[in-house]
Amino acid sequence: METMIEKAEVTLPSDHEVQVTRSFRAPRALVYRAHTEPELIRQWMLGPPGWTMPVCEMDVRVGGNYRWRWRSEKKDKEFGFSGTFREVVPNVRLVHTESFDPGTTGENMGDSPSLVTLTLSGDGVITTITSLIDFGSKANRDAALATGMTDGMEMSYQLLDRLVGERTES
């Protein structure tokens, strides 16, 4: 039986990687849909309060591209990520590149694309996701961590908890 991880666990498997693990009370297929369908992504992948996601384009297939853009009207800031899917195994695994566009935030997450491996596992009631992000260098990893990215991920995961909870109950 799967163990529920109620807050994102962050580890540093190497000097160039970050691993984030989190569980949700929802079936794997729903958690996977929440990571691949734009109308669902826009409801939870928002980070701190006050941010919206005006751009969410997903072409979830090997060689397909995605593009995400966030905006804070209150802070007059925006930033984004884009990349290409390298591996797509529905309900099990997504592997994609990730390039950061600092937009107007002035943030730095390194100068080269990272590689993100998202793995989903579960027992039908609880789904655990593990995101392994390879930044390619310690400098890039540390720059990304300095932005508060893992805190933003947990804020988004709390919204995902709510989203999958509502859909699991209905």
Side-chain angles (χ1 to χ4, degrees), residues 5-10 17-26 29-61 64-86 88 94-118 120 127 129-136 139-170:
I5 302 168
E6 295 182 355
K7 184 175 182 219
E9 289 182 355
V10 179
E17 295 172 310
V18 174
Q19 182 170 295
V20 181
T21 304
R22 179 71 150 72
S23 298
F24 302 90
R25 290 188 193 285
L30 178 56
V31 175
Y32 179 80
R33 285 182 50 220
H35 282 81
T36 56
E37 296 181 10
E39 64 274 13
L40 296 179
I41 293 170
R42 282 190 166 117
Q43 295 178 49
W44 71 268
M45 198 182 288
L46 299 173
W51 288 84
T52 61
M53 187 181 220
V55 177
C56 181
E57 301 167 354
M58 300 290 289
D59 181 10
V60 185
R61 61 181 173 86
N65 297 315
Y66 71 94
R67 190 167 75 104
W68 304 325
R69 191 131 193 108
W70 290 267
R71 179 174 299 136
S72 171
E73 301 295 338
K74 185 176 179 182
K75 295 181 178 180
D76 193 28
K77 302 265 185 193
E78 64 178 61
F79 71 97
F81 288 98
S82 62
T84 302
F85 290 98
R86 291 187 174 179
V88 176
L94 291 170
V95 180
H96 61 84
T97 60
E98 186 169 87
S99 295
F100 178 65
D101 172 0
T104 58
T105 64
E107 298 284 352
N108 175 19
M109 293 186 82
D111 55 2
S112 62
S114 56
L115 184 65
V116 179
T117 301
L118 178 73
L120 297 91
T127 298
I129 59 170
T130 302
S131 296
L132 179 64
I133 308 165
D134 186 340
F135 289 95
N140 287 348
R141 181 198 69 181
D142 292 349
L145 287 171
T147 67
M149 66 169 254
T150 56
D151 293 336
M153 289 174 76
E154 176 53 30
M155 288 178 205
S156 291
Y157 288 154
Q158 290 173 11
L159 295 173
L160 180 56
D161 270 334
R162 193 172 322 144
L163 175 72
V164 296
E166 292 167 359
R167 291 181 177 259
T168 301
E169 293 169 4
S170 60

Approximate separation, where rounding is to 0.5 Å, of Thr36 OG1 and Ile41 CD1: 6.5 Å
Return the minimal non-hydrogen interatomic distance between Leu118 and Ser131, and the atom names on each side. CD1-OG, 3.3 Å
Taking Thr97 for the side chain and Thr84 for the main chain, is one N or O donor matched with an acceptor at less than 3.5 Å? yes
Aromatic ring pairing Tyr66/Trp68, orientation class (parallel under 30°, perpendicular over 60°, tilted between): tilted
Residues which pass side chain to side chain contact (heavy atoms under 4.5 Å, CB included) with Glu6, listed by chain and number, not counting sequence neighbours: Met4, Arg25
Taking Thr127 for its side chain and Phe24 for its backbone only, find out whether a donor-acceptor pair lies under 3.5 Å. no
Which residues satisfy the side chain to side chain donor-acceptor pair (under 3.5 Å) test with Arg69, sequence neighbours excluded? Glu78, Asp101
Which heavy atom of Val31 sits nearest to which heavy atom of Ala26, and what is that distance? CG2-CB, 4.0 Å
Could you tell me the separation between the OG atom of Ser156 and the CE atom of Met149, rounded to the nearest 0.5 Å? 11.5 Å
So His35 and Leu160, do their side chains get closer than 4.5 Å, heavy atoms only? yes
Pairing residues for Leu159 by the side chain to side chain contact (heavy atoms under 4.5 Å, CB included) criterion, not counting sequence neighbours: Trp44, Leu46, Arg162
Output for pair (Trp70 CH2, Arg42 CZ), nearest 0.5 Å, gives 11.5 Å
Are any of the side-chain heavy atoms of Trp51 and Ser72 separated by less than 4.5 Å? yes
Name all pairs fulfilling the side-chain hydrogen bond (donor to acceptor under 3.5 Å, both in side chains) condition that reach into residues 141-152, sequence neighbours left out, sorted by first residue then second. Lys138-Asp142
Main-chain N/O of Thr130 paired with Thr21 side-chain donor or acceptor, under 3.5 Å: no
Ring pair (Phe, Tyr, Trp, His ring centres under 6.0 Å) involving Tyr32 - partner list, sequence neighbours excluded: none
Measuring from atom CZ of Arg86 to atom CG of Leu94, what distance do you get when rounded to the nearest 0.5 angstrom? 14.0 Å
Over all heavy atoms of both residues, which pair between Met155 and Pro49 is shortest? Give the atoms and the distance, please. SD-CD, 4.4 Å
Any non-hydrogen side-chain atom of Met58 less than 4.5 Å from a side-chain atom of Glu37? no
Identify, with sequence neighbours excluded, every residue that meets salt bridge (charged side-chain N to carboxylate O under 4.0 Å, His left out) alongside Asp134. none
Quick one: does Arg22's side chain get under 4.5 Å of Met153's, heavy atoms only? no
Which distance, rounded to the nearest 0.5 Å, do you find between the NZ of Lys75 and the OG1 of Thr104? 11.5 Å
Is a side-chain donor or acceptor of Ser114 paired with a backbone partner of Phe135 at a separation under 3.5 angstrom? no
Heavy-atom closest contact (Leu132 atom, Glu17 atom, distance): CD2-OE2, 3.8 Å
For the pair Gln43 and Glu39, evaluate side-chain hydrogen bond (donor to acceptor under 3.5 Å, both in side chains) and give the outcome as yes or no after the intermediate values. CA-CA 7 Å; Gln43 295 178 49; Glu39 64 274 13; over 6 Å; no
Distance-only donor-acceptor check, side chains Ser112 and Asn140, under 3.5 Å: yes
